[in-house]
Amino acid sequence: MQLTAVLMPAPEGGFNAFNPETGSSSQGDSLEEALANLQEATSLYLEEFPLIPCGAPLLTTFEIPVHVA
């Protein structure tokens with residue numbers, strides 16, 4: 001099953017990882033560790049709450065203007 005991972009730098013160092021399909025999240029000191037931890041957390045979640053696939057996710061970005069006071 002292919003799922004989405006969103007990885008962002010954490011303010012305290014390392015990376016936060018989030019899976020939007022399940023809402024599971026994790027963290028790690030490196031991108032690889034954060035992704036591996038997210039895979040484990042998501043797998044454990046799916047053991048209890050199976051996901052019914054409904055197509056590939058559409059992932060995009062958007063910008064919000066920043067106003068300097």
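Note: hydrogens, waters and symmetry copies are ignored here, and every other heavy atom, side chains too, is used.
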Determine all donor-acceptor pairs shorter than 3.5 Å in which one atom belongs to a side chain in residues 19-28; sequence neighbours excluded.
unit_1, atom_1, unit_2, atom_2, d
N19, OD1, T22, N, 3.0
N19, OD1, T22, OG1, 2.5
N19, ND2, T4, O, 2.6
N19, ND2, E21, OE1, 2.7
E21, OE1, T4, N, 3.2
E21, OE2, T4, N, 3.3
E21, OE2, T4, OG1, 2.7
T22, OG1, S24, N, 3.2
T22, OG1, S24, OG, 2.8
S24, OG, T42, OG1, 2.7

Residue pairs passing the ring-ring contact (aromatic ring centres under 6.0 Å, His included) test where at least one lies in residues 6-36, sequence neighbours excluded: none
Hydrophobic cluster membership, L44 vs M1, 4.5 Å side-chain cutoff: no
Exceeds 12 heavy-atom contacts within 6.0 angstrom, atom CD of E12: yes
L3 side chain near L51 side chain, heavy-atom distance below 4.5 Å: yes
Same apolar cluster: L59 and M8, side chain cutoff 4.5 Å: no
